[in-house]
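Worksheet: one structure, shown below.
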Amino acid sequence: MAAVQVLLIEWLVGLLTLHLASSLLLSPDGQTSALTAKAINDVFKTSSSGACSLIAMSDGTATSYEVSMELALSNRAAGMGVFEVEVGGSDGNVTQDLLAQIITEARKLRQASWCSNVVVLSDDPAFLASFAESSLRGRLLVWATRLLVVTRLPLHELRRLLSSSWTFSMMNTMTLLIDSETEVLRCSIYVHLPFSNKAKVVHVVSWAASQELVLKAKTALFPEKFNNFHGGLINITALPFRPYWVEEVKEAADGTTVKSYAGSDGQLMNTLAERLNFTFRVMEVKDWDEVTSKVVERKSFMSGVYHVLLPQRRKRYDFTFAYERAITEFSMAKPALRPRWQSLYYPLDESVWLCILALLALTPLFALLIICGGKMGQKEERADVRTVALEMVGSLLGQSIAERTGKHNGGRVMLASWLIFTFIITTAYRGNLTAALTLPKYPPRVETLPELVEVVDKITMPPYGAEFEEFFSQSDSVVFQTIAKKMELVSNILDGLKGINEKQSHMDGERYLRLAIAEHFTLADGSNRLYVGRGSVLPTIAGLPIPHDAPYKHQVDRLLMTIIEAGLYEKWSEDMLNQARREGRQRERKLKKLQDNGKGNEEPEGSDDSIKALTIVHMQGPLLLLLLGLILALMVFAVEGVASKC
Ligand SMILES: *[C@@H]1O[C@H](CO)[C@@H](O)[C@H](O)[C@H]1NC(C)=O
Ligand SMILES: *[C@@H]1O[C@H](CO)[C@@H](O)[C@H](O)[C@H]1NC(C)=O
Ligand SMILES: *[C@@H]1O[C@H](CO)[C@@H](O)[C@H](O)[C@H]1NC(C)=O
């Protein structure tokens, strides 16, 4: 049966009952306990300045209990929490649960103090391993928290224990090994250096009751572990994400292939590796989910590619310094031109058309009045309304007209003004018609988020969009909620972009999206079927995912800040985009050459691809008009035929 006693979670430990303390001090074991407590206090006093709160955890054995009590008595300067998990029986699960509860309490204490130290007292490797596991899960330790493991385990067992867990090997942990063989209490202090070039578990200092701590040269207590990785190999996760992360496979001289990483984030990782003196290996992963889940499991030290900082994601992992402004944008298909018979009508404004119609109706009347008015007597030359009207329309369409003005000056003036009017109107109409046919008016595009939400039925995103969907669905904004409802995940950006039509859009990071469209959807004439909307979906900041409370976070952060402030990251991004543009142009040129070869070089060299043939889209109006005319004529002809038969 396991029991828990949270003895004290008080700020200042008040007075433990004197009678308890004195009875402990009297026993020979009490003597050892007091000395052990003194050693622990000495270690913390030497390594930290100022008053830190102390959290003591013991496994419920008599000795560790006594040492905790001694610590509580001697540590009056700052806050202290003493926790005890009594390990008994074989029911390991319950101990785990209790440990988890206690660690939650201890974490609160740690968060409430500006500086804290943790002591774990146990001789039981299983308890220590459980503690390591639970403290990691309960997020008890950060790098600033010093952890001292106090134990009597044999050295070889201690080495195995230290190497086997993240808490003991990577975090700010030291071990006080009590040498129980000798009469006088002697302690040795060890630290595990994960990236040391020599031994991993290093003996730092010995402590004897009579002496002060004698520090060996170089290695101080609680040393910084991640200033220099000493060329160590670390695992990271990443997937190709142009222009940020680009894999380049080169063949080395001896025939083996060597992968190198370019792109702005690739350069960033190369620089981190150089400055912190590590080499990195990109783990094999299937998708973006695995990129971050490996980070969560601490198999990967960090992700090589930036991730947008979302609250959902922070629950699973931490982020380094946010060095990139990542903008999520949407892409849509350009609206297509529909065949329009109205193209003939567009060049002139409605009022102009009305005026022309009115003039066409009125002018023949005037003409008749003026031209024919004086010829009342000459019957053979008398013009009827029909011919005059026909001739006027003919002149409007650029046909020649017969001389019918007679000898009246009034008629000539009228004719001259009509001809000038038709000249201006037809020239203007022709010019505008040509322009309207070759530069057609496109329907309006979807450019903002509210427009998008209204128009589309489906918005696709790559698998990491699941977190965005969750984020959007929690938003107060109706627009974002609708996006979340319409969102659908696709396996990659190309699938998403291929599926785009007038009712479907794809969302992704700005630069990645633009590059993918430019690379895969540029037509031979340099134009593009897709476009990126002007309104961005989500302007955010982004950093590299790292495990919760990663002990190397501040080293990485410091370097990232240096890189950003030096303007290097911007430069790398710029370089990468330029390179991508250059490659795109080269590829286009190659493609065009291939097409030209296929055609047997029929077209002369340097043919201008800006000349565009008019399509049925443009010419539908005139064709329809002719067809309509023909049908009408046919009908009239038929009606006349029938009428004459009767
Ligand atoms: C302890 O945990 C294991 C695995 O999680 C489970 O199979 C077992 O039943 C648990 N035992 C008790 C007593 O809860
Ligand atoms: C990097 O690590 C290697 C291997 O331990 C070491 O020889 C080298 O001096 C280190 N470089 C720097 C700059 O610390
Ligand atoms: C990296 O991964 C390999 C294989 O998955 C593993 O053997 C190695 O220990 C890992 N290295 C680190 C530092 O975790």
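Just so it is clear, the values below take in all heavy atoms, side chains as well, and ignore hydrogens, waters and symmetry mates. For ligands, and for the atoms within them, numbers begin at 1 and follow the listed sequence. Keep in mind that this is a model prediction, so the values were computed, not measured.
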Please lay out, stage by stage, how Lys38 and Glu70 fare under the test salt bridge (Lys or Arg N to Asp or Glu O under 4.0 Å).
-> CA-CA 9 Å; Lys38 184 168 183 299; Glu70 284 296 330; over 6 Å; no

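Within the structure, the closest approach of Lys299 to ligand 3 does not fall below 4.0 Å when heavy atoms are considered.
In this structure, Phe195 has its ring center no closer than 6.0 Å to that of His230. Taking the centre of each ring, Tyr244 and Tyr306 come in below the 6.0 Å mark. Aromatic pair Phe241/Trp288: ring centres closer than 6.0 Å.
Residue Arg281 approaches ligand 3 through these ligand atoms, each under 4.0 Å from one of its heavy atoms: 1 (C), 2 (O), 3 (C), 4 (C), 5 (O). Here is the list of ligand 3 atoms found below 4.0 Å of a heavy atom in Leu233: 13 (C).
Within 6.0 Å of CD on Glu284 lie no more than 12 heavy atoms contributed by other residues, nucleotides or ligands. For CZ of Arg275, the number of neighbouring non-hydrogen atoms (other residues, nucleotides, ligands) closer than 6.0 Å is 12 at most.
Around ligand 2, the residues contributing at least one heavy atom under 4.0 Å from the ligand are Asn197, Asn228, His230, Gly231, Asn277.
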List the atom pairs, with distances to 0.1 Å, where a side-chain N or O of residues 536-543 and a protein N or O form a donor-acceptor pair under 3.5 Å, not counting sequence neighbours.
from, atom 1, to, atom 2, distance (Å)
Thr540, OG1, Ala326, O, 2.9

